[in-house]
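Reminder, nothing fancy here: chain letters follow the sequence lines and each chain counts from 1.
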Amino acid sequence: MERIKPRTLSGFMELLPKQQVQFERMLESLRRTYALYGFTPLDTPLIEATEILLAKGGGETEKQIYRFSKGEADLSLRFDLTVPLAKYVALHAGELTFPFRRFQIGKVYRGERAQRGRFREFYQADIDIIGDGKLDLLNEAEIPSIIYRAFSELGLEKFCIRVNNRKILTGFYDMLGLNARAGEIMRTADKLDKIGAEKVEELLIADGVPLASAHEILGFIGITGSNEEILTALEKYRGKNETFDCGLDELHTVVKYLTAFGVAEDHFAVDLTIARGLDYYTGTVYETTMTDHPEIGSVCSGGRYDNLAEYYTDRKLPGVGISIGLTRLFYVLGEQGYLNDQLVTAPADVLILPMTDDLSTAISFATQLRQNGIRSQIYAEQKKFKAKMTYADKLGIPYVAFIGEDEITGGVVKIKSLATGEQVSLRPTDACTEIKKGLPTDGKPIREPEKRIEG
RNA sequence: GUGGAUGUAGUUCAGUUGGUAGAGCACCGGAUUGUGGUUCCGGUUGUCGCGGGUUCGAGUCCCGUCAUCCACCCCA
């Protein structure tokens with residue numbers, strides 16, 4: 001028979017059991033954190049009608065979306081979780097209670113070239129708060145504080161949530177009379193860290209920005225320092241543009257509230273260069289990077305939008321949200337060696353090895369263990385003893401229970417701890433108690449504790 | 001979409017100016033049929049990505065093709 005060579009498509013992540021367990025732990029941690037802030041879970045279809053997903057039309061989305069037809073239907077895989085949310089909210093606006101706080105964790109698809117830290121299928125973990133007509137500025141500070149909490153709960157320390165305000169940028173470019181080209185200029189300005197000030201200036205001038213304006217722009221994006229220092233420096237532009245002034249006030253407030261929410265000063269930074277990929281945002285914008293791996297790019301970004309569902313409804317639904325690129329984050333953590341196999345718990349706590357043909361006693365014991373919340377499995381395969389022990393050893397199962405003729409006759413089970421090699425004969429009930437005592441408690445961090453950096 | 005690299009065992013890779021394939025790890029068996037990790041002994045891994053060309057002879061050189069990786073674009 002001609003065999004087909006098994007393969008996994010480029011840009012699609014497929015994990016082995018140990019890593020998958022770590023990934024699942026991340027998902028659980030995020031769900032817990034999100035729920036803690038009053039967000040309700042949401043799931044939407046992976047496939048939507050193309051007209052829904054491309055409502056906004058044009059650009060990168062159209063080039064990268066996975067699109068196909070089934071009969072007459074023109075269908076596409078979702079590109080992000082925000083557009084499906086917009087559709088959902090527009091469709092169910094009458095039945096939802098606002099402000100609507102939802103979280104959603106799911107896979108999204110982008111048909112672009114895969115590379116380091118960039119996938120074609122990846123998980124996003126989104127939270128959004130949608131208001132009906134209005135939405136208070138407080139939410140713009142709360143969202144990044146949730147990210148701070150979520151990352152901290154994951155055991156991460158070396159990250160920075162960078163904050164900016166779109167109104168400051170548009171206001172500023174308006175002052176220079178460059179608002180028509182603001183998007184393009186912002187993308188160039190965003191490369192400051194990567195290519196340096198001189199290159200940015202060259203690019204701006206090559207794009208036809210007047211020399212004087214280019215200088216102004218470099219002076220503006222070159223504003224650095226502590227959050228207070230940046231805010232103070234921005235004050236000198238006040239009074240020239242209404243939008244700018246509004247954005248500056250908002251940024252002041254967001255920074256103030258972020259501190260009140262308990263976000264450590266060194267984990268968020270006002271950064272006037274961030275703007276890319278955020279074209280539908282209208283106010284506060286966020287972008288989170290891993291301090292040790294800035295080249296991988298953003299692992300979490302989002303911001304404030306004034307009208308989420310404008311393509312689907314007349315109802316004005318402002319919102320603020322953020323999306324964690326979970327797959328990328330997991331990839332970065334793996335590269336940094338933060339995912340320690342030692343911390344992965346085995347799929348079971350006890351492996352039961354029946355030594356007799358009749359498995360009844362083993363089955364009863366397994367049931368008893370499970371009723372006591374002890375994860376167990378029976379290994380009944382006709383294999384050599386060595387192979388059975390090796391199985392437990394490879395999976396990291398901490399206890400093996402032997403049930404042979406002697407044990408059945410004596411009404412006991414023989415429990416062996418693989419870590420110490422000790423073994424004792426106990427009555428099944430006592431065995432449950434002893435095993436429970438020896439098991440580690442839940443809630444281990446994803447990261448090795450000793451690798452934590454003092455914050 | 002643009003540019004640059006790389007495809008050899010399950011995996012990571014070696015393979016000399018061209019002479020019909022090798023190592024570590026993994027896997028399987030044994031030392032050890034009711035006791036794993038360590039050790040020792042033995043064993044199997046293959047369309048050398050695919051197609052064509054040059055040559056007496058190609059894993060090696062040439063052309064094409066596909067795939068993967070890296071960078072750009074863009075993005076989580």
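Checking B:rA67, B:rG1, B:rC74 against the side-chain heavy atoms of A:E112 singles out B:rC74 as nearest. Relative to the side chain of A:S298, the nucleotides B:rU35, B:rA71, B:rA76 differ in distance, and B:rA76 lies closest. Comparing B:rG34, B:rG29, B:rG36 by their nearest atom to the side chain of A:K384 picks out B:rG29. Checking B:rA76, B:rA71, B:rC69 against every side-chain atom of A:Q115, the shortest atom distance belongs to B:rA71.
Looking at heavy-atom distances under 4.0 Å, A:K388 makes no contact with the nucleic acid at all. Residue-level contact check: A:R328 touches the bases, meaning some heavy atom is under 4.0 Å from a base atom. At the heavy-atom level, A:K63 lies nowhere under 4.0 Å from the strands shown. Residue contacts shown for A:Y391 are absent, as no nucleic acid heavy atom lies under 4.0 Å away. Among the atoms of the strands shown, only primed sugar atoms or phosphate atoms (P, OP1, OP2) are found under 4.0 Å from some heavy atom of A:K191.
A salt bridge is absent between A:R120 and A:E112: the closest approach of a Lys/Arg side-chain nitrogen to an acidic carboxylate oxygen does not fall below 4.0 angstrom.
The backbone N or O of A:L369 sits nowhere less than 3.5 Å from a side-chain atom of A:R375 that would complete a donor-acceptor pair.
The aromatic ring of A:F122 sits over the base of B:rA76, with ring centres less than 5.5 Å apart and planes inclined by under 30°.
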Map every base of RNA chain B to its dot-bracket character, where paired means a Watson-Crick or G-U wobble contact with both distances under 3.5 Å and | marks a partner outside the strand. (((((((..((((.....[..)))).(((((.......))))).....(((((..]....))))))))))))....

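Here salt bridge (Lys or Arg N to Asp or Glu O under 4.0 Å) pairs that include residues 379-392 of chain A, with residues two or more places apart or in two chains, number zero.
Nearer the 5' end of RNA chain B, as judged by each residue's closest nucleotide, is the contact made by A:A419, out of A:A419 and A:F119. The residue among A:E60 and A:T420 whose nearest nucleotide of RNA chain B is located toward the 5' end is A:T420.
Annotation: side chain of A:H267 is in contact with side chain of A:Y148 (closest heavy-atom distance under 4.5 Å).
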